[in-house]
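In what follows, every chain begins at residue 1, and chains take the letters A, B, ... in the order their sequences are listed.
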Amino acid sequence: MAETQHLYLVDGSAYIFRAYHRLPPLTDPEGTPVGAVYGYTTMLWKLADDLDAADGPTHMAVILDKDSTSFRNDIYPEYKANRPEPPEDLRPQFPLIRDATRAFSLPCIEEGGLEADDLIASYARAAQREGWNVTIVSSDKDLMQVVGTDTKSGGTIDMLDTMKNARIGPAEVEEKFGVPPHLVGDVLALMGDSVDNIPGIYGVGPKTASKLIAEHGDLTAALDSAPDMKKSKLKERLLEGREDAEMSRVLVTLKEDADLPMPIADMKLDGVPPEPLAEFLKKHGFSSLLRRLDAGRGSPDRPNQLNPTKAERKGADAASEGDRQPLPDMPAIDRNAYECVQTMERLNHWIERAFALREVAVDTETSALDAISADLVGVSLALGPNEACYIPLAHGGTDLLSEKPQQIDPAAALAALKPLLESDAVVKIGQNIKYDLNILARNGIAVAPIEDTMILSFALDAGRSLDGIGGGHGMDELAQRHLGHTCMTFKEVCGTGKKQIGFGEVALDVATKYAAEDADVTWRLYKHLKPRLPIEGGTRVYERVDRPLIPVVAGMERHGIQVDRANLAKLSEEFAKEMARLESAIHETAGQEFAIGSPKQLGEILFDTMGYKGGRKGKSGQYSTDQTTLEKLEAQGAPIARQVLEWRQLSKLKSTYTDALQAAINPRTGRVHTSYSLVGAQTGRLSSTDPNLQNIPIRTEIGRQIRDAFVADDGNVLLAADYSQIELRLAAHMADVGPLKEAFAEGEDIHARTAREMFGEVTRDTRAQAKTINFAILYGISRWGLAGRLGVEADEAQEMIDTYFKRFPGIQRYILETTESVKQRGYSETLFGRKTWFPRINSKNPSERQGSERAAINAPIQGTSADIIKRAMARMNPALAAAGLPDVRMLLQVHDELVFELPESDVEDASPIIERIMADAARPSVELSVPLGIEIGTGKSWGAAH
DNA sequence: AAGGTCACG
DNA sequence: GACGTACGTGACCTTG
């Protein structure tokens, strides 16, 4: 049992205004605006969630303003007369605040003639006198007057700003006002408040006010001192405004002894009954919260129920099958409503209807995961909720004994579908439609125009993860999040492990349920997500950057790149030989045999057996044996460390590259086809998998040989074009850094310029240091991080950072403004409007919070760079075609580099076009104040093109 | 499945 | 005054 009672007083009226401005204008199923109410509801939830926490509430109440006038208007009729009318779509939300409060079974208190602040202050004092702790959930500066500890009872009052997730105690108040809480009223009386129409003293703002009060002790003393001041504007105004100030003092003073309509003991928080809450959430279409409530199987009175563990959630998902939440005006998913299309007649019926509706969700089923080698097994279509079908094309037939089910001839079916899928008049909606584009392109169908629910989700919700609920963009997750629906899983249908069967072996009734459901869900998700785009500002990024990129990247994946198998095999062999030699040497040095590839064994050998010094690390208690550790050991005079490093390098190169790339050659095409994810990186970058072609070695000579194995076909060459220092250029532009912009404009070596600015001279050493610092800036610097990298003390690193900020003004401001804005809004934005969400940026956990801060500093820069190269990619093929260069093929993207394959004879014509498209890619949306430098190289291999 | 390590921008 | 230290990725290996 907690001994101390802790009363939370929620300033409901103030909260709703802030929530209104911060949240998108959502509406509920009836069309009532509920954005602010939603914010309010989630805040109450979070507070109730903390019931068991050390500092959480035992008692709680919400205080509201009853009407717009109070006793203060009797003193000063103009009080709050300047307040603008609340926006039209906020007004209907005020009564809903009461509903929401009641839904949580919390007391809701309001009194005529008093403002919420007075009631809050009175309740806070009453509880404090009893020795309770009180937290006022508000960020209103007037309330800061009551913060502090009562020496008699020991009761404390502090504040909680839930939007910034910040506790406000006496120290924070003093930091803000320069005076302790009991003098805040005096400062406020001097400054006045234009919003509340409190006059204060004209010309006195927060700085002067707090200085005067701090200097003289209180308002009266400050005003009394005026006659003795030297002649100044301030003196005049103080003398003139004395009465105003004194009246202002009365206006800002909170009434602390109001009658309390409800005793504090009655505010006991005893858990939240789930039924009224569920009803409220349902009524307003807060389906994600409703699911969290369901997932908790009860009231949000215990943290583990509000935030179920993974296992709990899984169980809840399975259990919620029966009572899933349908979308407003969309019926629940009914898998028995789907049709299996087995005749040409029925297929034509679906196709005609799709033409009529001009919108169809499409999904393909295949024999494998990889879109370049998988075979088409069937196609599903959806035209409305539960209006979906599956068209099997290649089921059965692998087992000669079983009878093939009735299916339309695949060629005939595809021929019938082709005009629909290629028709400009019909939008094809997919979930990760790049996959279907590749499958269908290999069947002679060029699908267009398209929409993609996965890309939509990314444009809206990148980085977002509702507490405890994943933030991914996969269909199952999206269905759960937006539709409250649990999809059939592939595992359920095809099994897993050795017993797994291909989709073509699945019986038609089951296959229809699964496949048509995917199309149905995709259709519903589209209806759910697309309308959010204009509201939440995602249109430009989705329509101008990401969506146009889908067919472009699909084409790159299909085309693939040639690798020289013999060359890779030769390298594998050399690496193996050298590894064997190193292995015996290492074992000899160690005096015993062990698995070098096992960090555990290696650590024990180095630090226990051989007795080198070095520390444990991490929760696992295992020795760290990473590169920096081993390099330190080597410097201590441990030859084994160098041997292990070399062995590791070879092992990495062989397993990840020379062996794996040979295995990745597609037998049909003879080339390597990576798969790009358009939603892989939260910042908007692409990522590359199976194999990852964005991390082919280049930094070391030995690794570089692997690039030589990426080659052009006979008669062709590879052309590599990369943006030079694009992120630093963008930083210079976005932070408006004069010297850096100048250096880029002059084509200077940017790291050398940095060295000159910082150290006065450019040597190999200072340039290297400058380069490290430049990158540190892009990544969100910390003195410890920089110190570690440069091998200097933190103090010295701090001095360098200070110098950097001084020489490059703008950087510090950028960092400050970016983190502040992300803390306020919850997301960062690129120059093209791409949002990345940072749900942990206000976390109480410093490690978590600072991690988010660093990521937030970097995201606009990395993301803008990603936007720019994506725009270049989307424009590239049309530009090359228009120039009569259809044989130039874009093969790879490596974040700031594009790799092309082209006839040797096209190099001269293509190079300037590629350069121009890349250099101009930001325009006309954004006019950068620095040029974008492009470096181009060509050669028979990727290595030679650099 | 998780942790450690290391390849890239 | 604390993080245990730079941002963003993916693949492979060992170990539990």
Does atom CD of A:Glu793 have more than 12 heavy-atom neighbours, drawn from other residues, nucleotides or ligands, at distances under 6.0 Å?
no
Rounded off to whole Å, could you give me the CZ-to-P distance for the A:Phe838 and C:dC7 pair?
11 Å
Taking a pair as Watson-Crick or G-U wobble with both distances under 3.5 Å, which nucleotide is matched to C:dA2?
none
Using 30° and 60° as the class boundaries, would you call the ring planes of A:Tyr623 and A:Phe607 parallel, tilted or perpendicular?
tilted
Please state how far atom NZ in A:Lys870 lies from atom P in B:dG9, giving the value in whole angstrom units.
19 Å
Is A:Arg699 close enough to B:dA7 that one of its side-chain N or O atoms is under 4.0 Å from OP1 or OP2 there?
no
Write down the distance between OH (A:Tyr623) and P (C:dT15), rounded to a whole number of angstrom.
16 Å
Looking at side-chain heavy atoms only, is the closest gap between A:Asp546 and A:Arg834 below 4.5 Å?
yes
How would you label the contact of A:Ser677 with the nucleic acid (heavy atoms, under 4.0 Å): base, sugar-phosphate, or nothing?
nothing
With C1' as the reference atom in both, quote the distance from B:dA7 to C:dC3 in angstrom, rounded to an integer.
27 Å
Assign A:Asn845 to base, sugar-phosphate, or nothing according to its heavy-atom contacts below 4.0 angstrom with the strands shown.
nothing
For DNA chain C, what residues of residues 774-792 of chain A have any heavy atom nearer than 4.0 Å?
A:Ala776, A:Tyr779, A:Trp784, A:Arg789
Whole-Å distance between B:dC8 P and A:Glu897 CD?
12 Å
Any A:Arg854 side-chain N or O less than 4.0 Å from OP1/OP2 of C:dA6
no
Check this one for me: any side-chain N or O of A:Gln627 less than 4.0 Å away from OP1 or OP2 of B:dG4?
no
Taking A:Tyr612 for the side chain and A:Gln636 for the main chain, is one N or O donor matched with an acceptor at less than 3.5 Å?
no
Mind calculating the distance between CD1 (A:Ile696) and C1' (C:dT9) to the nearest angstrom?
14 Å
Remember a base hit wins even if backbone is also touched, and classify A:Ala866 as base, sugar-phosphate or nothing at under 4.0 Å, heavy atoms.
nothing
Atom CG of A:Asn695 to atom C1' of C:dC12: distance rounded to whole Å?
11 Å
Once you apply a heavy-atom cut-off of 4.0 Å, does A:Leu653 come out as touching a base, just sugar-phosphate, or nothing?
nothing
Considering only heavy side-chain atoms of A:Arg648, the closest of B:dC6, C:dT14, C:dT9 is B:dC6
Whether over 12 other heavy atoms sit under 6.0 Å from A:Glu573 CD
no
Which residue lies toward the 5' end of DNA chain C, A:Ala856 or A:Gln850, if each is placed at its nearest nucleotide?
A:Gln850
Checking C:dG4, C:dT15, B:dC8 against the side chain of A:Ser847 (C-beta onward), the nearest is C:dG4
When the distance from OH of A:Tyr723 to C1' of B:dG9 is rounded to whole Å, what number comes out?
14 Å
Any strand: nucleotide that pairs with C:dG10 via Watson-Crick or wobble, under 3.5 Å
B:dC6
Quote, to the nearest angstrom, the P distance that separates C:dG8 from C:dG4.
15 Å
Under 4.0 Å between a side-chain N/O of A:Thr689 and OP1 or OP2 of C:dG10, yes or no?
no
Just to confirm, is there a sub-4.0 Å distance from OP1 or OP2 of C:dT15 to any side-chain nitrogen or oxygen of A:Gln601?
yes
Classify the side-chain pair A:Thr683/A:Thr836 by whether it contains a donor and acceptor separated by less than 3.5 Å.
no
Centre of A:Tyr827's six-membered ring, under 6.0 Å away, within 45 degrees of the axis: is that where NZ or CZ of A:Lys835 sits?
yes
Any side-chain N or O of A:Ser651 less than 4.0 Å from the OP1 or OP2 oxygen of C:dC12?
no
So A:Pro697, base contact, sugar-phosphate only, or nothing? Heavy-atom distance under 4.0 Å.
sugar-phosphate
Touch check for A:Asn692, heavy atoms < 4.0 angstrom, all strands: base, sugar-phosphate only, or nothing?
sugar-phosphate
Please verify the inter-ring angle class for A:Phe458 with A:His473; under 30° counts as parallel, over 60° as perpendicular, anything in between as tilted.
perpendicular
Could you work out which one of C:dT15, C:dG10, B:dC8 sits closest to the side chain of A:Arg707?
B:dC8
Testing the 3.5 Å rule here: is there a donor-acceptor pair between the side chains of A:His895 and A:Glu727?
no
Do the side-chain N or O atoms of A:Thr656 get closer than 4.0 angstrom to the phosphate oxygens (OP1, OP2) of C:dG10?
no
Tell me whether the side-chain N/O atoms of A:Thr625 come closer than 4.0 Å to OP1 or OP2 in B:dT5.
yes
Side chain of A:Ala660 only, heavy atoms from C-beta on: which candidate in C:dC12, C:dG8, B:dC6 is closest?
C:dC12
Of the listed nucleotides C:dA6, C:dT9, B:dA7, the one nearest the side chain of A:Ser687:
C:dT9
Provide, to the nearest angstrom, the distance between the CG atom belonging to A:Leu602 and the C1' atom belonging to C:dC13.
13 Å
Just checking A:Ser865: base, sugar-phosphate only, or nothing, at a heavy-atom cut-off of under 4.0 Å?
nothing
Pairwise P distance, C:dT5 and B:dG3 [rounded to whole Å]:
14 Å
Residue pair A:Asp626 / A:Thr628, side-chain donor-acceptor N/O under 3.5 Å
yes
